[in-house]
Amino acid sequence: MSDLPALDAAVSECRACPRLVAWREEVAVTKRAAFRDETYWGRPVPGFGAVDARLLIVGLAPAAHGANRTGRMFTGDRSGDVLYAALHAVGLASQPTSVAIGDGLELYGVRITAPVRCAPPENKPTPDERDRCRPWLARELALLRDTVRAVVVLGGFGWQALLPVLATPDPAGGHPGWVVPRPRPAFGHGAHVTLAPAAPGEAAPLEVFGSYHVSQQNTFTGRLTPAMLEDVLAGAARAAGLEPTTPQRPES
């Protein structure tokens, strides 16, 4: 795949993981009652956003009745409601909601992706499924190597999935990899590590930021607040060379 549109098209046809193929297609047929009149996407979900993104956001996997229904990352579910509201608050998205493909949403200098492209049962992909899906993320990163300068990882699963990709040169020659310290940097909300390229001059340093995932478990309990997420996104945007805006927050 020589460009992101070609990669996205190839991702959407993948059938490499039998368990995930069976689950995504079963969900697309049985549906949720609230969406019974809709046609589900029911396929792997490609990345979404700018083809020359300076900031990459890495999640976990599509939600069964979110992106597996709509065909766009973090679209049509409550996790997406939180993420896109925060992106809009810091000036990285054209609107605070993401309900369907064609709703007018545009990202500014940002692309959103995941290490697993199919909705997994109970939102829990296996390590084998994660590893089988890894070449898609590696190629996506390779195609962004000339522009991407920062990554925000949502959750520990994405953090553990991404670091081996960053540490490994792209087999197609897309990027030389980055130097990931040993022991690997620990995940945590607000974690930040600067990775030097393995081959200086062939890639720029990469700023990697961690944030708690925008899952309902985190957002409903207050473990992750909108302000916490906005602060991480704004810091990563500045590191990527973008110009985030200051969110309007009520005075305490």
Side-chain angles (χ1 to χ4, degrees), residues 45-50 53-64 66-68 70 72-90 92-93 96-98 105 107 109-120 122-125 129-130 133-134 136-137 140-141 144 148-166 184-193 195 206-237 239-240 242 244 247:
V45 181
F48 163 63
R54 299 187 66 85
L55 173 60
L56 183 66
I57 297 175
V58 178
L60 193 164
N68 187 56
T70 63
R72 192 172 71 190
M73 287 289 179
F74 285 105
T75 296
D77 60 42
R78 290 183 175 177
S79 293
D81 292 343
V82 174
L83 176 60
Y84 288 109
L87 285 167
H88 181 259
V90 297
L92 299 176
T97 58
S98 177
L105 176 64
L107 301 182
V110 176
R111 183 172 171 88
I112 299 175
T113 191
V116 175
R117 307 305 175 105
C118 295
E122 299 181 348
N123 206 34
K124 294 180 180 179
E129 289 162 348
R130 174 201 64 199
C133 208
R134 182 177 292 169
W136 296 124
L137 182 59
E140 190 167 23
L141 189 67
L144 290 168
V148 70
R149 297 295 179 266
V151 181
V152 171
V153 186
L154 302 174
F157 182 94
W159 186 270
Q160 294 301 323
L162 176 66
L163 290 181
V165 175
L166 297 178
R184 288 178 179 168
F187 171 77
H189 184 82
H192 176 205
V193 59
L195 303 182
L206 191 66
E207 308 291 337
V208 181
F209 295 78
S211 169
Y212 293 143
H213 195 276
V214 287
S215 66
Q216 293 183 53
Q217 181 179 2
N218 287 335
T219 58
F220 281 14
T221 61
R223 186 174 189 235
L224 177 67
T225 66
M228 290 168 63
L229 180 58
E230 290 162 8
D231 287 344
V232 171
L233 291 172
L242 300 172

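At a threshold of 4.5 Å between non-hydrogen side-chain atoms, the residues L195 and V193 count as touching. Looking only at side-chain heavy atoms (C-beta outward), I112 and L83 come within less than 4.5 Å of each other. F157 places none of its side-chain heavy atoms less than 4.5 Å from the side chain of F187. In this structure, the side chains of L87 and L233 come closer than 4.5 Å at one or more pairs of heavy atoms. In this structure the side chain of T97 never reaches within 4.5 angstrom of the side chain of D81, judged on heavy atoms. At a threshold of 4.5 Å between non-hydrogen side-chain atoms, the residues M228 and R223 do not count as touching.
One finds no salt bridge joining E129 and R134 here, because no Lys/Arg side-chain nitrogen approaches an Asp/Glu carboxylate oxygen to under 4.0 Å.
Heavy atoms only, all atoms of each residue included: N68 and A119 are closest at CB-CB, 3.9 Å. The heavy-atom pair separating A239 from E207 by the smallest distance is CB-CG, 3.9 Å. Here the closest heavy-atom approach between residue A150 and residue A236 is recorded as CB-O, 3.6 Å. Residues V116 and R130 share a closest heavy-atom pair of CG2-CA, 3.9 Å. When all heavy atoms are compared, the tightest approach of A53 to V110 is CB-C, 3.8 Å. The two atoms that bring A67 and P62 nearest to each other are CB-CB, 3.7 Å, heavy atoms only.
Side-chain N or O atoms of H189 include none that pairs as donor or acceptor with a backbone N or O of S211 at under 3.5 Å. Looking only at distances, a side-chain donor or acceptor of S79 sits under 3.5 Å from a matching main-chain atom of V214. One N or O on the side chain of W159 and one on the backbone of P185 form a donor-acceptor pair closer than 3.5 Å. No side-chain donor-acceptor contact under 3.5 Å links T219 to the backbone of L224. Remark: the backbone N or O of R149 is not paired with any side-chain donor or acceptor of R54 at under 3.5 angstrom. In this structure a side-chain-to-backbone donor-acceptor pair under 3.5 Å is present from N218 to H213.
A parallel orientation is assigned to the rings of F209 and H192, their planes being inclined by less than 30° (bins at 30° and 60°).
In this structure, CG on L105 lies 6.0 Å from OH on Y84, to the nearest 0.5 angstrom. In this structure, NZ in K124 is found 11.0 Å from CG in L60, a value given to the nearest 0.5 Å. Interatomic distance, CZ of F48 versus CE of M73, reported as 11.0 Å (0.5 Å rounding). How far CG of L154 is from CD1 of I57: 6.5 Å, rounded to the nearest 0.5 Å.
Considering V148, L107, L92 in turn, L92 is the only one that fulfils the side-chain contact (heavy atoms from CB on, under 4.5 Å) rule with L55. Screening L162, V58, V165 against P115 for a side-chain contact (heavy atoms from CB on, under 4.5 Å) leaves a single residue, V58.
Checked by atom type, the side-chain pair T75/S98 shows a donor-acceptor distance below 3.5 Å.
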